[in-house]
Amino acid sequence: MNTPPGKMGSEIRPLPASVVANLIQVADTLSDAIVFLDREWRITYANARAHTVSRLSAFDLNSKTHWELFPSTVGTAVEQTYRFVMEERQEREIVFFYEPFQVWIDMRAIPIDDGIALHYRDITALKVAEANRDLAAQRLQQVLAATTDAIASLDRNWNFTYVNRRAAELLAPSGNVVGQNIWEIYPDALYEGSPFVQNYHEAMELREPRRFEAYYPEPLNLWFKVEAHPSEEGLILFFRDITEHRLFEEQLRQQQTETERQRMELEAVYRTAPIGLALFDPVTLRITRANDAQAEFIGLPREQILGKAIAEIAPAIPRVLELLTLAASGHPVRNQLVGGELPGAPGHERYWTVNYLPVYALDGSVEAISSAAIEVTQQIKSEAALRQSEKLAAVGRLASSISHEINNPLEAVTNLVYLARMHEGLPAELASYLASAQSELSRVSQIVTQTLRFHRQSVGSSWVSAGPLIDSVLDLYHGRFANSGIKVETFYEAAAPFRCFENDIRQVLNNLVANAVDAMRGGGRLTIRARNAFDSATGASGIRISIGDNGHGMSRETQRRMYEPFFTTRDLNGTGLGLWISSEIVQRHQGRLAARSTQDPIRHGTVFTLFLPREP
């Protein structure tokens with residue numbers, strides 16, 4: 001039996017009831033809804049899921065039309081889609097929101113022989129998730145747009161895929177950078193050792209975040225603080241313009257450097273100031289701060305006086321404690337003279353002008369006492385020496401006047417003695433007495449003459465010989481030599497004349513002889529030599545005079561300070577000006593004054609050597 005062409009298998013045989021039952025059972029297990037509509041728009045079949053999604057009951061099947069069951073779909077895109085499929089017999093898909101049920105439906109309409117089939121599912125949860133995602137993305141976009149930090153993303157080919165508003169502002173000189181390669185639009189970052197290159201490559205290749213700060217030159221001219229975080233697509237960059245911060249840090253660093261420099265300068269001024277500066281605790285009167293001059297005044301290292309009470313350091317200057325206590329009570333102390341001895345220099349009276357001022361705290365209490373002290377010991381001694389000098393000058397003028405007045409009667413007496421000696425028939429014994437009287441009168445006349453020479457100052461230099469000059473000085477000490485048991489030995493070894501201010505050099509020799517006599521109060525030997533010599537330092541020819549004694553000698557401290565003005569070992573009997581004046585006189589003559597001394601128990605004494613050029 002032949003079957004006409006085109007007709008084979010064209011007839012659809014109805015499915016057995018058992019198969020239909022099985023298909024309906026399977027359809028009820030599906031998670032998607034299935035609905036059949038006939039050409040009259042009545043629902044002829046709905047699986048279990050369709051009953052749930054569309055709120056259908058068994059009475060809704062083969063009864064009311066779809067438009068009666070779901071009137072909200074009339075006149076909508078849903079109705080248009082259904083009718084297009086029904087009439088055009090073509091499939092269509094539609095996603096719509098069914099407001100009465102508040103559900104989103106994703107539907108596929110399929111034409112079938114008896115009408116159309118609807119295959120759909122409830123996608124409300126998905127839509128809500130998408131809406132939440134979109135809302136989150138929108139909010140994130142808002143946050144990224146509003147944040148003050150710049151954010152950008154790069155793909156693995158180093159192309160920009162995103163920049164937020166702040167990033168666009170910072171990168172504005174290069175225009176829109178999205179889609180462009182970072183190394184092409186910012187080539188100046190490709191220098192050797194660039195932190196941009198190093199950190200970006202490490203973050204991209206090692207997939208580890210990197211943080212750094214770096215400066216980018218033209219066209220940006222900005223300092224950046226950058227965080228590079230790896231992402232699935234490439235890198236996410238968080239960066240911030242810290243140029244103002246770096247400039248502020250630099251200014252602050254410069255200010256700190258300048259402040260430190262000024263502090264060090266002030267500290268140096270404070271430490272090296274010639275005025276003694278200190279701070280005292282107002283309760284314990286302990287030294288909390290002191291400069292070098294203050295420590296030098298006390299005679300101890302600065303570290304040893306810090307923390308010490310003033311009563312421990314200056315117990316022999318009680319007025320200091322009294323004045324500090326007064327300042328601690330809030331009363332300033334200004335220009336007060338204090339004096340006494342310090343433990344570091346016993347036996348030496350020293351004087352200071354002090355100022356003690358209270359330092360107030362914010363609550364008005366005294367939190368410290370500032371001290372400023374100037375040592376005026378030399379000034380006090382100078383004033384005393386000046387008074388002594390005035391006395392000596394007055395005595396000198398008086399002695400000169402007396403010597404001048406003595407000269408006339410002395411000359412008369414000398415003449416009378418001479419005439420008496422010339423008298424014929426004078427007894428031998430009386431002649432001897434008159435000879436002795438004439439000799440003593442001659443010595444008195446010489447002493448008067450030398451006294452006048454000491455008082456009268458030379459107005460010009462003159463040529464003198466060492467022997468007569470030294471003898472004129474020794475004549476003044478004839479009595480002291482005899483009374484002290486001092487033996488004088490002189491050696492004048494062909495000493496040629498030299499040019500000098502005679503009275504000045506006489507004063508030098510007088511000071512040296514006086515010092516030697518004071519060193520031999522129990523007797524001794526004074527040796528004076530004069531000879532031609534040469535100065536080894538300059539080669540100049542001149543005369544060297546040495547004055548030696550076997551007295552008690554000088555200590556090292558005395559030798560170190562003997563040329564200081566007002567330094568004396570004679571207490572009240574000396575001014576401390578003799579050797580200082582002598583040294584000044586010798587220097588004016590371009591000479592040299594040296595000394596050596598020893599206090600050895602067996603061989604002790606002092607030798608002063610004076611060299612004077614023949615013509616200064």
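Heavy atoms only: backbone and side chains are in, while hydrogens, waters and symmetry mates are out. Please read these numbers as outputs of a predicted model, since none were measured by experiment.
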Does Tyr216 reach the side chain of Asn221, with side-chain heavy atoms less than 4.5 Å apart?
-> no
Begin from the C-alpha positions of Arg614 and Asn532 and carry the test side chain to side chain contact (heavy atoms under 4.5 Å, CB included) through to its verdict.
-> CA-CA 9 Å; Arg614 192 168 305 282; Asn532 295 329; 3.6 Å; yes
Do you know which two heavy atoms are closest between Ala373 and Ile275, and how far apart they sit?
-> O-CG2, 3.3 Å
Flag, side chain of His552 to backbone of Met520, donor-acceptor distance under 3.5 Å | no
For Arg319 and Leu337, indicate whether the former's side chain and the latter's backbone hold a donor-acceptor pair under 3.5 Å.
-> yes
Test side chain to side chain contact (heavy atoms under 4.5 Å, CB included) on Thr288 and Leu306 and set out the steps.
-> CA-CA 6 Å; Thr288 59; Leu306 294 178; over 6 Å; no
Count the heavy atoms belonging to other residues, nucleotides or ligands that lie under 6.0 Å from CZ of Arg525, then report whether that count exceeds 12.
-> no
State whether Arg350 and Glu375 are salt-bridged, where the test is any N-O pair (Lys NZ or Arg NE/NH1/NH2 against Asp/Glu carboxylate O) under 4.0 Å.
-> yes
In plain terms, say whether Glu213 and Arg246 are close enough for a salt bridge, that is, a side-chain N and a carboxylate O under 4.0 Å apart.
-> yes
Within a strict 4.5 Å, meaning less than it, do heavy atoms of the Glu349 and Tyr351 side chains meet?
-> yes
Side-chain H-bond candidate by donor/acceptor type, Arg596 with Gln559, under 3.5 Å = no
Any donor-acceptor pair under 3.5 Å linking the side chain of Ser597 with the backbone of Gly553?
-> no
From Ile486 atom CD1 to Tyr477 atom OH, the distance as rounded to the nearest 0.5 Å | 10.5 Å
Are Tyr563 and Trp580 close enough that their ring centres sit under 6.0 Å apart?
-> no
Does some side-chain heavy atom of Asp471 sit less than 4.5 Å from a side-chain heavy atom of Leu474?
-> yes
Is there a side-chain contact between Val366 and Val359, using heavy atoms and a 4.5 Å cut-off?
-> no
Side chain to side chain contact (heavy atoms under 4.5 Å, CB included) between Phe491 and Ile528, worked out = CA-CA 6 Å; Phe491 302 93; Ile528 302 178; over 6 Å; no
List the steps and the verdict of side chain to side chain contact (heavy atoms under 4.5 Å, CB included) for Phe501 and His589.
-> CA-CA 8 Å; Phe501 288 88; His589 281 75; 3.7 Å; yes
Separation of Ile543 CD1 from Glu493 CD (nearest 0.5 Å) | 10.5 Å
Flag, side chain of Asn291 to backbone of Leu277, donor-acceptor distance under 3.5 Å = yes
Which value, rounded to the nearest 0.5 Å, describes the distance between Ser582 atom OG and Asn515 atom CG?
-> 8.0 Å
Give a yes or no on whether Met264 atom CE has more than 12 heavy-atom contacts from other residues, nucleotides or ligands under 6.0 Å away.
-> no
What pair of heavy atoms forms the shortest contact from Ala327 to Pro358, and how long is it?
-> O-CB, 3.5 Å
Would you check if the side chain of Arg286 reaches a backbone N or O of Lys308 as a donor-acceptor pair within less than 3.5 Å?
-> no
Classify the side-chain pair Thr353/Asn335 by whether it contains a donor and acceptor separated by less than 3.5 Å.
-> no
Residues, nucleotides or ligands: over 12 heavy atoms within 6.0 Å of Arg261 CZ | yes
Gln294 and Gly276: which non-hydrogen atoms are nearest, and at how many Å?
-> OE1-C, 3.4 Å
Heavy-atom pair with the smallest gap, counting every atom of Leu279 and Ser370 = CD2-CA, 3.7 Å
How about Arg529 and Ile545: do any of their side-chain heavy atoms sit closer than 4.5 Å?
-> no
Check whether any side-chain N or O of Ser194 sits under 3.5 Å from a backbone N or O of Leu190 as a donor-acceptor pair, and report yes or no.
-> no
Is Arg271 salt-bridged to Glu265, going by a charged N under 4.0 Å from an acidic O?
-> no
Please determine, by modelled atom types, if Gln254 and Glu250 share a side-chain donor-acceptor pair under 3.5 angstrom.
-> yes
Any Pro497 side-chain heavy atom under 4.5 Å of Ser465 side chain = yes
Phe280 and Tyr356 aromatic ring geometry - parallel, tilted or perpendicular at 30°/60° bounds | perpendicular
Taking atom types as modelled, find out whether Ser365 and Asp363 have a side-chain donor-acceptor pair closer than 3.5 angstrom.
-> yes
Heavy atoms of other groups near Tyr360 OH, more than 12 under 6.0 Å | yes
Check whether more than 12 heavy atoms from other residues, nucleotides or ligands sit under 6.0 Å from atom CZ of Arg592, and answer yes or no.
-> no
What is the distance from atom CD of Glu489 to atom CG of Leu526, rounded to the nearest 0.5 Å?
-> 9.0 Å
Examine the side chains of Asp475 and Ser472 and answer whether a donor and an acceptor come within less than 3.5 Å of each other.
-> no
Leu222 side, atom CG; Thr243 side, atom OG1 - distance, nearest 0.5 Å = 4.0 Å
Side chains of Asn483 and Arg480: donor-acceptor distance under 3.5 Å anywhere?
-> no
Take atom CD of Glu429 as the centre, draw a 6.0 Å sphere, and report whether it contains more than 12 heavy atoms from other residues, nucleotides or ligands.
-> no
Can you name the one residue among Leu512, Asn510, Ile505 that meets side chain to side chain contact (heavy atoms under 4.5 Å, CB included) with Val473?
-> Asn510
What are the two closest non-hydrogen atoms of Leu300 and Gln304, and how far apart are they?
-> CD2-OE1, 4.0 Å
State whether the number of non-hydrogen atoms from other residues, nucleotides or ligands found under 6.0 Å of Glu244 atom CD is greater than 12.
-> no
Tell me, do Phe481 and Val513 make a side-chain contact under 4.5 Å, heavy atoms counted?
-> yes
Between Gln262 and Glu258: side-chain donor-acceptor atoms closer than 3.5 Å = yes
Decide if atom CZ of Phe212 counts as having more than 12 heavy atoms of other residues, nucleotides or ligands within a radius under 6.0 Å.
-> yes
Does any non-hydrogen side-chain atom of Val508 lie less than 4.5 Å from one of Asp504?
-> no
For the residue pair Leu426 and Ala420, what are the closest heavy atoms and their distance?
-> CD2-O, 3.5 Å
Is the backbone N or O of Ala268 less than 3.5 Å from a side-chain atom of Thr272, with the two atoms forming a donor-acceptor pair by type?
-> yes
Presence of salt bridge, Glu249 and Arg253, under 4.0 angstrom = no
From Leu610 atom CG to Leu612 atom CG, the distance as rounded to the nearest 0.5 Å = 4.0 Å
